[in-house]
Protein chains: 2
Amino acid sequence: MALEHAILVSLRERSGTGYELARRFDKSIGFFWSASHQQIYRTLKRMVDLGWVTVTEVTQHGRPDKKVYEVGDGGLDELRRWLTQPGEPAAVRMELGLKLRGASFGDTDAVLAEIVSHRDQHAERLDVYRVFEKRDFPDPATLSGQRLHQYLVLRGGIRAEQALLDWCDEVIHAMKRDRR
Amino acid sequence: MALEHAILVSLRERSGTGYELARRFDKSIGFFWSASHQQIYRTLKRMVDLGWVTVTEVTQHGRPDKKVYEVGDGGLDELRRWLTQPGEPAAVRMELGLKLRGASFGDTDAVLAEIVSHRDQHAERLDVYRVFEKRDFPDPATLSGQRLHQYLVLRGGIRAEQALLDWCDEVIHAMKRDRR
DNA sequence: AGATGCAGTGCAACTAGTTGCATATGGGGG
DNA sequence: CCCCCATATGCAACTAGTTGCACTGCATCT
């Protein structure tokens, strides 16, 4: 599984609490790997047992105490091991494709309406990514190392959303034409 | 979950055995929804209990007996219900993005090598899809109904693979430049 | 005063999906 | 003759991920 590795990458960039990790998985990391806070807490516990991360309890004033996690030597070893170990290319999972394929057994217009709605959501995400791109990486040609890698991951998100958006538009166009 | 619905769509297009379904999930349906045979057998059993599909045992000569599944009225109802019920847009899950983001903590060249390998696999899949497109849908402008939907799903696969391929090329180019 | 929201951690029960194994029939190749 | 392959179905045990709930404490909005 990769959640451990997602956590290792994120904690390596900056140490933090389970709560903070959950926030990150709603934002940057979450653009290409999602996880709920329950899953994160459970996994952090397991990672402590494995010796991959160390935990420090921090007493706070005015808010609940927290546990700050850091990547230990075992975690670094595992990170490096995972990075060199090849994996399978991602299997595409398009629920909308499934619905489209089944559309003629039900309400074709309802499926079309859902595709229109998804189209708009992809357009919105794409806008968000484009803003990040302009704001955080105004001059991509000068990037190097970790910063370059971050930029390239964002480029992947942009390409994925753009492809989904274009596909939705193609489907909407073709289905509207077919309805006439 | 959507496996039930994937099976309903597939069985609606043509009735068949669990084994046959598993074959289909290795091919056409599998391009956008994968499932192992164990999962399929278990789900089929549950669907019989739910009254969504009916099963007929067929004695065979020369090979093991089989169970042919068909979509029943309950299954058709469920299919229609599912088609009108909106769902979330797919969360993008890019393990390669994760590795890229973590690359600077380990062996950058190993990550690059994996991206090159994935690039080739996406190119291969894309070729397969392009062959299907030319062979099965030589004149897309004339398509209608179910055939049109099948074509559009294939178009989604093509766009997804093309986007992944282009992204891999962008990453490879940028990382090679950075290495110099 | 009460509601809402953010920060913070966690259990219990469930659904989804994977991996390894077991079993049976019959055909083809070494 | 034995092993592998294709057809065909399935259990058991595991890992992964979701959903719903419970608790604390402070700040801010109504």
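Sequence lines set the chain letters: A, B, ... in the order given, protein chains first and strands last, and positions in each chain run from 1. Bear in mind that the values here come from a model prediction, so they are computed numbers and not experimental data.
Residue A:K45 places its side chain closer to C:dC11 than to any other of C:dC11, C:dA16, C:dG8. Closest to the side chain of B:R63, out of D:dG17, D:dT7, D:dC21, is D:dT7. Closest contact between the side chain of B:P64 and the listed nucleotides C:dG17, D:dT7, C:dA7 involves D:dT7. The side chain of B:R46 approaches C:dA16 more closely than any other nucleotide in the set D:dA8, D:dT19, C:dA16. Here D:dA8 is the nucleotide among C:dT9, D:dA8, D:dG17 with the atom lying nearest to any side-chain atom of B:Y41.
Atoms CD (B:E20) and P (D:dA8) sit 6 Å apart, rounded to a whole Å. Across the protein-nucleic acid pair, A:L44 atom CG and C:dG8 atom P stand 14 Å apart, rounded to whole Å. Protein atom NZ of A:K66 is 25 Å distant from nucleotide atom P of D:dC23, rounded to whole Å. Nucleotide C:dT15 holds its P atom 14 Å from the CG atom of B:D49, rounded to whole Å. Spacing between atom NZ of A:K67 and atom C1' of C:dA7 amounts to 15 Å, rounded to whole angstrom units. Between A:F25 atom CZ and D:dT18 atom P the separation is 12 Å, expressed in whole Å. Between A:W33 atom CH2 and D:dA16 atom P there is a gap of 10 Å when expressed in whole angstrom units. One can place CG of B:D65 at 19 Å from P of C:dT23, the figure rounded to the nearest angstrom.
Side-chain contact between A:E161 and B:V92: present, with at least one pair of heavy atoms (C-beta onward) separated by less than 4.5 Å. Between A:I29 and B:R101, some side-chain heavy-atom pair lies under the 4.5 Å cut-off. Contact annotation: the side chain of B:L96 approaches that of B:W167 to within less than 4.5 Å [non-hydrogen atoms, C-beta and beyond].
The side chain of B:Q39 contributes no N or O atom lying less than 4.0 Å from OP1 or OP2 of C:dA16. Regarding contacts with the backbone of C:dA7, a side-chain N or O of A:Y19 is found under 4.0 angstrom from either OP1 or OP2. OP1 or OP2 of D:dT19 has not a single side-chain nitrogen or oxygen of A:S36 nearer than 4.0 Å.
If you check distances only, the side chain of A:Q60 never reaches the base of C:dG8 with a donor-acceptor pair under 3.5 Å. On a pure distance criterion of 3.5 Å, a polar donor-acceptor pair joins the side chain of A:Q38 and the base of C:dG10. Under 3.5 Å, the side chain of B:H37 and the base of D:dG10 form at least one donor-acceptor pair of N or O atoms.
Between B:R42 and A:E4, the residue anchored closer to the 5' end of DNA chain D is B:R42, taking for each the nucleotide with the nearest heavy atom. Two residues, B:Y69 and B:R93, neighbour DNA chain D, and the one matched to the more 5' nucleotide by heavy-atom proximity is B:Y69.
Counting non-hydrogen atoms of other residues, nucleotides and ligands closer than 6.0 Å to CZ of A:R14 gives a total of 12 or fewer.
Contact annotation for B:R23: no contact, since no heavy-atom pair falls under 4.0 Å across all strands.
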- Message: Run B:E20 and B:R23 through salt bridge (Lys or Arg N to Asp or Glu O under 4.0 Å) and show every step you take.
- Response: CA-CA 5 Å; B:E20 280 166 2; B:R23 291 301 116 243; over 6 Å; no
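Aromatic ring pairs are classed by plane angle as parallel below 30°, tilted from 30° to 60° and perpendicular above 60°; the pair A:Y129 and A:F132 is parallel.
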